[in-house]
Trainee: 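Quick one: the structure is below, questions incoming.
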Amino acid sequence: MGIFNKFSFIFLVIFLSLSANAEVQRHRFVIQATKVKRLCKTHNTITVNGMFPGPTLEIKNGDTLEVQVVNKGRYNVTIHWHGVRQMRTGWADGPEFVTQCPIRPGGSYTYRFTVQGQEGTLWWHAHSSWLRATVYGALIIRPREGKSYPFPKPKRETPILLGEWWDANPIDVVREATRTGAAPNVSDAYTINAQPGDLYKCSSKETTVVPIDSGETNLLRVINAALNQPLFFKVANHKLTVVGADASYTKPFTTSVLMLGPGQTTDVLIRGDQPPSRYYMAARAYQSAQNAPFDNTTTTAILEYKSASCAAKKCNAPTPIMPSLPAYNDTNTVTTFSQSFRSLEKAEVPTDIDESLFFTIGLGLNKCPPNFRKRRCQGPNGTRFTASMNNVSFVLPRNFSLLQAHQQGIPGVFTTDFPANPPLKFDYTGNVSRSLFQPVPGTKLYKLKYGSRVQIVLQDTSIVTPENHPIHLHGYDFYIIAQGFGNFDPKKDTSKFNLVDPPLRNTVGVPVNGWAVIRFVADNPGVWIMHCHLDVHINWGLAMAFLVENGVGELQTIQLPPPDLPIC
């Protein structure tokens with residue numbers, strides 16, 4: 001056996017042993033209107049399979065998912081598998097008009113993809129208008145057969161999905177805001193596993209209960225599925241040990257409070273080390289934008305020790321103990337928390353950078369167009385809200401998806417001149433001149449060569465208001481090598497870069513009035529949107545997309561589109 005054949009043989013044996021236990025899991029998601037009663041009122045809510053939240057998918061690292069989505073609702077829909085790398089399977093990523101046209105009412109589409117090299121908690125959600133307010137669920141990826149967690153095996157595992165509920169149809173809420181140019185109405189409740197909890201009207205009968213037993217160590221898989229709000233999360237009298245985030249393991253650290261931006265997940269261990277009783281888990285807003293209205297309510301679930309449950313006590317259960325949550329604007333707590341994350345292993349951070357990019361992110365105001373009536377310009381001082389990256393407010397195409405246009409060479413759908421730097425340098429976090437409040441609309445992509453090593457400085461601006469923006473990149477995980485406040489200064493801030501064990505995430509909270517630096521290798525060809533995960537900001541254009549070119553050979557080339565890909 002020649003040396004090459006020997007290596008090929010060894011590789012084949014490894015490949016077969018890895019794939020031997022890999023399964024293909026098939027699911028059917030029916031998008032349908034379902035009667036859902038919350039806060040005393042029944043709504044015809046869009047759900048998956050009549051479930052709210054939607055079904056939890058449980059797979060192993062290496063498994064393939066085939067999910068047939070059948071649209072029996074009245075709105076266009078797509079499903080995004082948030083955080084899944086989608087290597088060469090961009091057609092299954094899901095953002096509407098980016099990688100596919102929407103699934104029309106009466107239509108269907110099957111998402112097929114393999115999850116490789118990721119373990120922990122991800123989630124799936126609609127990526128069309130504001131449907132993800134109710135169309136979402138957990139995606140749990142366990143280690144391969146015969147492998148274990150890098151922490152003691154928990155006795156039980158519970159997904160904790162933090163959500164946001166409107167006592168209205170969320171699609172009407174966003175449509176009204178688009179009509180008026182004002183900010184959309186804030187939500188009426190937050191939820192834990194789709195239940196608002198004891199502090200809201202007509203809700204306490206259904207409050208989510210999470211069981212625990214004295215001496216147990218359990219795993220909570222916390223997901224922020226809220227539409228527009230970063231959230232603090234706390235369990236009364238219990239410490240939480242963070243062991244993973246966004247389906248990457250972290251060095252364990254202990255904290256009494258979590259903060260998750262929409263899109264982020266955090267895996268925590270909780271020990272049953274308190275007197276057996278009932279304890280509230282609670283979540284409420286982290287609100288970093290000053291003077292902006294927000295939902296200031298608190299959602300609760302109950303951590304219940306078995307011996308304190310109704311069954312054990314003939315239903316004289318004690319009133320749960322309430323945790324004290326941070327102040328709404330407690331940025332210091334957020335900073336301490338986000339700076340505690342480290343990758344479990346030494347990280348393979350790209351060092352020789354091919355593409356050094358600098359993106360400003362933030363809000364803006366459009367002057368009222370001359371043909372608009374006053375009622376269509378209800379933003380500050382008779383304007384309309386907008387948002388942008390590097391002064392480009394992202395506009396989605398309507399007749400083709402970006403990936404389709406790229407693959408088929410359809411002209412006139414997008415350009416590839418997204419700026420690598422802000423078109424104008426200014427004091428980003430200072431007092432910004434009103435002349436810089438109005439961005440330019442456009443469908444501009446940034447081209448990346450296959451394999452290029454990319455660094456992006458994400459810089460918040462104080463245009464309209466500074467704010468913590470959860471920025472999510474599709475198709476990739478990235479290392480967060482530094483974060484800070486004020487304007488990024490390459491002279492002094494590069495010394496803060498962690499190139500040893502930075503956390504690997506798919507969504508980064510760019511600090512309010514600050515910056516974050518991320519790095520990744522462009523090893524996944526396709527069109528990948530990067531956007532703020534506050535949905536109100538996506539509607540306003542706080543997004544851009546990368547066009548990652550194919551490399552050499554089949555394994556560096558995006559697959560052909562599936563035959564059932566929806567047409568526009």
Side-chain angles (χ1 to χ4, degrees), residues 29 47-48 51-59 65 79-84 94 115 118-127 130-142 154 156-165 187 189-197 208 210 218-235 240-250 255 257-270 281-286 299-301 303 337-338 341 470-472 474 477 503-509 532-535:
F29 278 14
T47 66
V48 168
M51 296 166 68
F52 178 50
T56 295
L57 302 183
E58 301 190 41
I59 63 170
L65 270 170
I79 301 288
H80 169 52
W81 315 92
H82 184 112
V84 173
V115 176
Q118 296 182 281
E119 287 177 19
T121 307
L122 294 175
W123 62 301
W124 56 265
H125 61 80
H127 213 297
W130 272 21
L131 284 182
R132 82 168 180 87
T134 55
V135 176
Y136 63 86
L139 171 54
I140 293 168
I141 311 158
R142 302 192 194 285
R156 62 181 104 214
E157 303 182 8
T158 312
I160 302 285
L161 290 118
L162 309 176
E164 205 168 359
W165 177 262
S187 54
Y190 299 112
T191 56
I192 297 177
N193 295 349
Q195 293 296 341
T208 297
V210 177
N218 294 345
L219 179 66
L220 303 179
R221 300 174 176 274
V222 188
I223 300 165
N224 186 349
L227 212 71
N228 292 320
Q229 193 65 55
L231 293 166
F232 288 117
F233 174 83
K234 210 167 170 184
V235 183
L240 305 170
T241 301
V242 175
V243 291
D246 292 4
S248 287
Y249 294 119
T250 63
T255 177
V257 63
L258 310 179
M259 197 291 287
L260 293 88
Q264 294 186 319
T265 74
T266 308
D267 288 356
V268 297
L269 296 174
I270 184 168
M281 304 177 157
R284 76 173 190 184
Y286 164 49
T299 178
T300 55
L303 180 75
F337 177 67
S338 57
F341 284 85
I471 301 294
H472 172 49
H474 287 228
D477 285 326
L504 188 63
R505 305 289 302 248
N506 62 54
T507 305
V508 56
C532 180
H533 219 283
L534 308 177
D535 278 31

Trainee: Examine distances only and state if a side-chain atom of Gln229 and a backbone atom of Tyr190 form a donor-acceptor pair shorter than 3.5 Å.
Mentor: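 Checking the backbone N and O of Tyr190 against the side chain of Gln229, no donor-acceptor pair under 3.5 Å is found.
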Trainee: With no hydrogens and no angle check, is any side-chain donor or acceptor of Glu164 less than 3.5 Å from a backbone partner on Ala189?
Mentor: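 No, the answer is negative, given that no donor and acceptor are paired below the 3.5 Å cut-off.
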Trainee: Yes or no on side-chain contact (heavy atoms from CB on, under 4.5 Å) for Leu240 and Thr266, after CA distance, side-chain angles and deciding distance?
Mentor: CA-CA 11 Å; Leu240 305 170; Thr266 308; over 6 Å; no
Trainee: Okay, side chain of Asn224, backbone of Gly263: is any donor-acceptor separation there less than 3.5 Å?
Mentor: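 Checking the backbone N and O of Gly263 against the side chain of Asn224, no donor-acceptor pair under 3.5 Å is found.
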Trainee: For Asn228, give me all partners under side-chain hydrogen bond (donor to acceptor under 3.5 Å, both in side chains), at least two apart in sequence or on another chain.
Mentor: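 For Asn228 there are no side-chain hydrogen bond (donor to acceptor under 3.5 Å, both in side chains) partners, ignoring immediate neighbours.
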Trainee: Does any N or O in the side chain of Thr299 come within less than 3.5 Å of the main-chain N or O of Pro196, such that one atom is a donor and the other an acceptor?
Mentor: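 Yes: the side chain of Thr299 pairs with the backbone of Pro196.
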Trainee: So, does Asn218 use its side chain to make a donor-acceptor pair with the main chain of Arg156 at under 3.5 Å?
Mentor: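 Such a contact is found between Asn218 side chain and Arg156 backbone.
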Trainee: About how many Å separate CZ of Arg221 and OG1 of Thr56, when rounded to the nearest 0.5 Å?
Mentor: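 CZ of Arg221 is found 10.0 Å from OG1 of Thr56.
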Trainee: Rounded to the nearest 0.5 Å, how far does CD1 of Ile223 lie from CG of Asp267?
Mentor: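 One gets 8.5 Å once the value is rounded to the nearest 0.5 Å.
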Trainee: So does Val210 get a backbone contact from the side chain of Thr158, meaning a donor-acceptor N/O pair under 3.5 Å?
Mentor: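 Looks like no, no N/O pair under 3.5 Å.
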Trainee: With a 4.5 Å limit on heavy-atom distance, are the side chains of Thr507 and Leu260 in contact?
Mentor: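 They are not in side-chain contact.
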Trainee: Do His82 side-chain atoms and Leu122 backbone N/O form a donor-acceptor pair below 3.5 Å?
Mentor: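 Pair absent, no side-chain N/O of His82 close to backbone of Leu122.
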Trainee: Just by modelled atom types, is the Asn506 backbone N or O under 3.5 Å from a matching donor or acceptor in the Asp246 side chain?
Mentor: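 A pair under 3.5 Å: yes.
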Trainee: Could you pull out all residues at least two apart from Gln264 that satisfy side-chain hydrogen bond (donor to acceptor under 3.5 Å, both in side chains)?
Mentor: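 Here no residue qualifies.
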Trainee: So do Leu534 and Pro470 actually touch side chain to side chain, heavy atoms under 4.5 Å?
Mentor: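 In contact.
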Trainee: How close do Phe52 and Thr134 get, counting heavy atoms only, and between which atoms?
Mentor: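 Minimum heavy-atom separation between Phe52 and Thr134: CD1-O, 3.6 Å.
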Trainee: For residues Thr265 and Ala247, report the shortest heavy-atom separation together with the two atoms involved.
Mentor: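 In terms of heavy atoms, the two residues are closest at OG1-N, 4.1 Å.
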Trainee: Measure the CD1-CG distance between Ile160 and Leu220 for me, rounded to the nearest 0.5 Å.
Mentor: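 The distance works out to 5.0 Å.
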Trainee: Students often mix this up, so state it plainly: with edges at 30° and 60°, are the rings of Trp123 and His125 parallel, tilted or perpendicular?
Mentor: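 If you compare the ring of Trp123 with that of His125, the planes turn out tilted.
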Trainee: Distance from His80 atom NE2 to Arg132 atom CZ, nearest 0.5 Å?
Mentor: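 Reported value, rounded in 0.5 Å steps: 9.5 Å.
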Trainee: Are Thr121 and Pro159 side-chain neighbours, meaning at least one heavy-atom pair lies under 4.5 Å?
Mentor: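 Sidechains of Pro159 and Thr121: no contact.
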Trainee: Are any non-hydrogen side-chain atoms of Glu58 and Glu157 less than 4.5 angstrom apart?
Mentor: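 No. Closest side-chain heavy atoms not under 4.5 Å.
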Trainee: What closest approach, in Å, do Leu258 and Thr255 show between heavy atoms, and which atom pair accounts for it?
Mentor: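 Of all heavy-atom pairs spanning Leu258 and Thr255, the closest is CD2-CG2, 3.8 Å.
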Trainee: If I take atom OG from residue Ser248 and atom CD from residue Glu119, how far apart are they, to the nearest 0.5 angstrom?
Mentor: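 Going from OG on Ser248 over to CD on Glu119, the span is 9.5 Å.
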Trainee: Does the plane of the ring in Phe29 sit parallel, tilted or perpendicular to the ring in Trp124? Use 30° and 60° as the thresholds.
Mentor: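 It falls in the tilted class, 30° to 60°.
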